[in-house]
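Here's the structure, in structure tokens; my notes come after.
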Amino acid sequence: MIHSLFLINASGDIFLEKHWKSVVSRSVCDYFFEAQERASEPENVPPVIPTPHHYLISVLRHRIYFVAVIQSEVPPLFVIEFLHRVVDTFQDYFGVCTEAAIKDNVVVVYELLEEMLDNGFPLATESNILKELIKPPTILRTMVNTITGSTNVGEQLPTGQLSVVPWRRTGVKYTNNEAYFDVVEEIDAIIDKSGSTITAEIQGVIDACVKLTGMPDLTLSFMNPRLLDDVSFHPCVRFKRWEAERILSFIPPDGNFRLLSYHVSSQNLVAIPVYVKHNITFREGSSQGRFDLTLGPKQTMGKAVESVLVSSQLPRGVLNVNLNPSQGTYTFDPVTKLLSWDVGKINPQKLPSLKGSMSLQAGASKPDENPTFNIQFKIQQMAISGLKVNRLDMYGEKYKPFKGIKYMTKAGKFQVRT
Amino acid sequence: MTDSKYFTTTKKGEIFELKAELNSDKKEKKKEAVKKVIASMTVGKDVSALFPDVVNCMQTDNLELKKLVYLYLMNYAKSQPDMAIMAVNTFVKDCEDPNPLIRALAVRTMGCIRVDKITEYLCEPLRKCLKDEDPYVRKTAAVCVAKLHDINAQLVEDQGFLDTLKDLISDSNPMVVANAVAALSEIAESHPNSNLLDLNPQTINKLLTALNECTEWGQIFILDCLANYTPRDDRESQSICERVTPRLSHANSAVVLSAVKVLMKFMEMLPKDLDYYGTLLKKLAPPLVTLLSAEPELQYVALRNINLIVQRRPEILKHEMKVFFVKYNDPIYVKLEKLDIMIRLASQANIAQVLAELKEYATEVDVDFVRKAVRAIGRCAIKVEQSAERCVSTLLDLIQTKVNYVVQEAIVVIKDIFRKYPNKYESVIATLCENLDSLDEPEARAAMIWIVGEYAERIDNADELLESFLEGFHDESTQVQLQLLTGIVKLFLKKPTETQELVQQVLSLATQDSDNPDLRDRGYIYWRLLSTDPVAAKEVVLAEKPLISEETDLIEPTLLEELICHIGTLASVYHKPPSAFVEGSRGVQHKRLPGSAGSGESVESPEPASAAVPEASPSIIPSQGDLLGDLLNLDLTPPTSTAAPPPTSGLQMGAMDLLGGGLDSLLGGDLGGNPMGAGFGAPASAMPPSFSAPASGGLDDLFDLGGGVGMPTGAYTPPKTMWLPAMKGKGLEISGTFARRSGVIQMEMTLTNKAMSVMTDFAIQFNRNSFGLAPAGPLQVLTPLSPNQSIEVSLPLNTLGPIMKMDPLNNLQVAVKNNIDVFYFSCQYPMSVLFSEDGKMESKVFLVTWKDIPNDNETQCQIKDCHLNSDAASNKLQGSNVFTIAKRTVEGQDMLYQSLKLTNGIWVLAELKVQTGSPVFTVSLKCRAPEVSQAVFQSYEAILRN
């Protein structure tokens, strides 16, 4: 099982270590540093690194490497999932997951890690159980603790840990009972230079914020559940009911949680909400290149495309660019060759464009590589897959909760090749 | 106010200050001090000096303080075992606390203190906690058993904790079940054959019930455990599959992958025509695709596993090609894996899409990735025949870009395409030749030279081209030099008139000015071939080469089967069997797919020791699952283990080898009778060192064959038996026997390469044995031994080796090494090989000796079913150096008096009674060393029966 954990910052310092079994020397991280040196980019460090006696499994989150050390055969996904859970927990507790936040709360961090694993076996990873065991630090609580001498460790056995609904604590009470659901879809696509879609798929999630008193039992039904043929559920969802009736039936955890994530595969037709017209040319023998880029909306069902950001890694031969945006601002970093254009909102009447020239190294030959544009955008009040919630009902409690559903579509890895 | 303040106390006297604070009366101050201590500990400072002071804080009602002290204890107890004893009482007390949280915490912490003295005290509280009324305590205690086992396995067994743990599998609480399974699995890893997790339909049912209710981590443990079970029939298999399928929709990717493992394994048992089988196949695709939308680290692990799945069941993902298309900002490790899977999924239906993508990748920024993409195009051409033309034109387009590394890579793969489709795409040669000057990498240069040599007759200026390479001959790498030598010889054989000077030049460069033995040997052999028999040279050098296929980069089926059983583990990430790399798994269970897949049941094993291991280890191919370096390894030095194509016929094989790594098979196989070989004449063992280079292997073998074959002796040679099954030899199979031919003991072996990579560098060694058998010379094996090829080797033995008595006496332990690994096996040689030729005793001496040896040393035994008369028996025995000294006939009974001498000088006297008409012989043996009698009997029996 998981032996030890090292947290390493961007400059390669180990700033926290935790051992669940015998102590593993820090020097084991040397193998990680070697791999880090070999990798051209921080994110290219391989996730599984063998060393003579151990294996290092790492994830990079918030510019911190979480490096787990294992000695025997352990499923790597198990370790990676656990590390993600650690990151989520830190974020949940401290608001951000940074080196400073971790150092500021080192004792809580240590207590958390101790609670999360026992001898390398996961013990309590559910946020609400952990919060009953170890209260998250707040300014108020630290002050109160200092004055009264009380502690931020719970005295009681967390009730959820043993119940049939371990994700929910008992005795939840709210004055305002509310349940909000956000349907967020990310569209991943590769568009080729002629504008046709090579591949497009949708990663959707339904995130919930449920603050309901008691033990509510919710059901959520969709207008078009057939879209959801590839889904991953929160453990609270009753799978049999879904199989039989295509209805989500569950006792929700308290607070924020991800109810389900789904995937609409490339085999379905996926609507592409923006198009890009581009013309990037380099002439042989000239030190100038032309750059012409226009964006436009399509298939957006009348909703506005907002927060548009275009970025691209221009060829290495490009020294500088001189461009003129019709709206928004652009930046170009001559060292990394990263072009970034903050477009804002697309106005269908007046399409945003970025035109101008690029200067190349004098005498250099025409660049070999074609830049790829990475596009980010947001569309409110629309789920691009067409998924729609039909109704939400609550059983088991008497009060009337306030319910709300929001839809949003975002670009995931949306790439346009030239 | 944050904890970072604890880090700032770096001034001197810090420990002293902390000590004072820890002993303070104020609770709050104490707690702050402990926090400071913990903070120092986390950053790796040594605060062990504070041990007694911190332990003093343990007796408190404050839960946080207690936990902090426990944290400290776990870290430092090992270095202060005597002090740690002080804490025991508190632990024992806490284990009785009314609060289950405290009970669990105490038993959990105690298990983490890896001090023997403490573990003794742990047993009683642990036993109570395992039966605690509160499931939270029970589940914590279950893990504690695993901890304790890690510290002191014997103690756990003696105390019967394992049985208690087994009982917990039937616990009413699913969390307890999951933890019990996890603990047992971990313990079982160090006891491969202990059968701790005795899986039967009842326990399986309990596990499946718990599966639905326990946490995600528990589900992983249970699924991994389920994967070890082998259902009784397809109905049980189906019912388990049905209950596991819902896990495919879990949010935790590790749960999903473990469920995939169970399904992939149990699917093997389902009949293919079953409706459910098809349903299951369809259900497997979406979760795998979903894994690819996760974080890159998860993607990587998922991709490595998908790589295995598509090799085993390509139908699952055959429509999902697009999800493997590379995004430009994927990390490089994800890109390369996706590329590999794309090629595995490539088929006639999707090849157009794939090629368009690959061409796109070839214009990316990352050089490594671009190279792999170009190679991938070549692999597609070889895999999908219909697409070859399109691939070639894509490659030509890429060559037109003139990007240096793209061109070089393209030329290397075009060479492979020529190997697969000879005489089809030669029109492109002109384009290739245009780029000759830009090639600076050895592999590309070698490939180009190969192409020029191979198609010399169609390239007008082939001689000029090759000559241009020759100018810098000494600066080239070996690979290029070897290829240039062969290329020019090919050219000469095709256009002898105008290239004589060139060939002279290259031969003299290779033989006189080079100190590389491979190059020199090849040069000499070409030279002699050309000067003695140009026709033979032509036949050899220009022989038809076998085609290559895409199969070469697939994982070997036995290994693939095992890896499928290990989906989701490190083994699946590295594509190696767990036995190959995981330290700490002291013994490894080999897993096999059930049902139809389990074809080759474990082969009969010659050594009793290995009989305990149920499955032999499968062969390994050095992981070339990545883009294969090059499909045919024309001119690399032998140790590189790129897979060579399977031979089409022995003759072709020989010819190909000639052009490839070594000339050995030429001499060993094709020209065995050529007197030219005599020029190299020297006994095998006396070969000068320079000849022991691979190319000379064949020569040695020639002489061995001459000595070994066709000796007309009547000596009995038992039939060959399997000594090393391929499963244990990582693809190397050895069967063999022993023979005595003209006074020399020969170990005759058949080596068969059942792996998919070439084997080279064979060597053999014996362990000390009863009669000092030792190889008289090195093991001469035609190098390299290609896949599916077998060869006969005859190894002369002497009896000058070190002696150690073995049991049985004629047991021989052998180690055989090749480029892959060292393999050990043991075999038994027939005693008859040790019977020496001078074993005939004078009849007088016989009489005296017979009387001289005490009767206690006489042993008697019967040989049944032997239909021979006494003369025939005598002749037969004589052939194996058992000499009849006298014969007497008494009352229809023939008495033969015989003698034999073992190589170590032990005489054995025998009296053989043959009753005419009866198939039963009676043998009485007398010997001063009666230990050998048993083995001599066996030889008698074997000789007479055959």
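In what follows, chains are A, B, ... by sequence order, proteins preceding strands, each numbered from 1.
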Under a plain distance cut-off of 3.5 Å, with no hydrogens placed, do Ser253(B) and Glu81(A) share a side-chain donor-acceptor pair? yes
Side chain, backbone, both or neither: which part of Glu216(B) has a non-hydrogen atom closer than 4.5 Å to chain A? side chain
Is the closest basic N to carboxylate O distance between Glu111(A) and Lys35(B) below 4.0 Å? no
Side-chain contact, heavy-atom cut-off 4.5 Å: Gln353(B) with Ile198(A)? no
Proximity breakdown for Glu114(A) and chain B, heavy-atom pairs closer than 4.5 Å: both
Ignoring hydrogens and geometry, is there a side-chain-to-backbone donor-acceptor pair from Glu297(B) to Leu60(A) under 3.5 Å? yes
Between Lys21(A) and Glu186(B), is the closest basic N to carboxylate O distance under 4.0 Å? yes
Cut-off 4.5 Å, heavy atoms of chain A, and the answer for Val326(B) is backbone
Which bit of Leu68(B) comes within less than 4.5 Å of chain A, counting heavy atoms only: side chain, backbone, both or neither? side chain
Side chain, backbone, both or neither: which part of Phe324(B) has a heavy atom under 4.5 Å from chain A? neither
Evaluate the side chain to side chain contact (heavy atoms under 4.5 Å, CB included) criterion for residues Thr290(B) and Ser232(A): first the C-alpha distance (whole Å), next the side-chain angles of each, then the deciding distance (0.1 Å), finally the verdict. CA-CA 9 Å; Thr290(B) 304; Ser232(A) 309; 4.3 Å; yes
Smallest separation among heavy atoms of Val301(B) and Pro76(A), with atom names: CG2-CB, 4.0 Å
When you measure from the side chain of Asn44(A) to the backbone of Pro331(B), do you find a donor-acceptor pair of N or O atoms at a distance under 3.5 Å? no
Can a side-chain donor-acceptor contact be found between Gln415(A) and Asn329(B) if the only test is distance below 3.5 angstrom? yes
Decide yes or no for Ile190(A) and Lys327(B): does some side-chain heavy atom of the first lie under 4.5 Å from some side-chain heavy atom of the second? yes
Apply side chain to side chain contact (heavy atoms under 4.5 Å, CB included) to Leu83(A) and Glu295(B), showing your working. CA-CA 12 Å; Leu83(A) 293 176; Glu295(B) 288 81 356; over 6 Å; no
Do the side chains of Tyr328(B) and Arg417(A) get nearer than 4.5 Å, heavy atoms only? no
Residue pair Glu243(A) / Lys283(B): nearest heavy atoms and the distance that separates them: OE2-NZ, 4.2 Å
Would a 4.5 Å heavy-atom cut-off, applied to side chains only, mark Thr199(A) and Val323(B) as touching? no
Shortest non-hydrogen separation from Tyr574(B) to Ile49(A) and the atoms involved: OH-C, 3.8 Å
Donor-acceptor check, side chain of Glu73(A) to backbone of Leu570(B), threshold 3.5 angstrom: yes or no? yes
Over all heavy atoms of both residues, which pair between Leu71(B) and Lys18(A) is shortest? Give the atoms and the distance, please. CD2-NZ, 3.8 Å
Bottom line for Ser261(A): the part with an atom under 4.5 Å from chain B's heavy atoms is neither
Could you check whether any side-chain heavy atom of Lys322(B) comes within less than 4.5 Å of a side-chain heavy atom of Glu201(A), counting everything from C-beta outward? no
Taking all non-hydrogen atoms of both residues, which atom of Tyr333(B) and which atom of Pro46(A) are closest, and how far apart? CD2-CA, 3.8 Å
Kindly give the heavy-atom pair with the smallest separation between Thr418(A) and Glu360(B), and that separation in Å. O-OE2, 4.2 Å
Would you mind checking which part of Val143(B) comes under 4.5 Å of any heavy atom in chain A, side chain (CB onward), backbone (N, CA, C, O), both or neither? both
Run the numbers on Phe221(B) and Phe78(A) for ring pair (Phe, Tyr, Trp, His ring centres under 6.0 Å), then give the verdict. CA-CA 10 Å; Phe221(B) 298 137; Phe78(A) 170 98; 5.8 Å; yes
At a heavy-atom separation under 4.5 Å, does Ile332(B) approach chain A through its side chain, its backbone, both, or neither? both
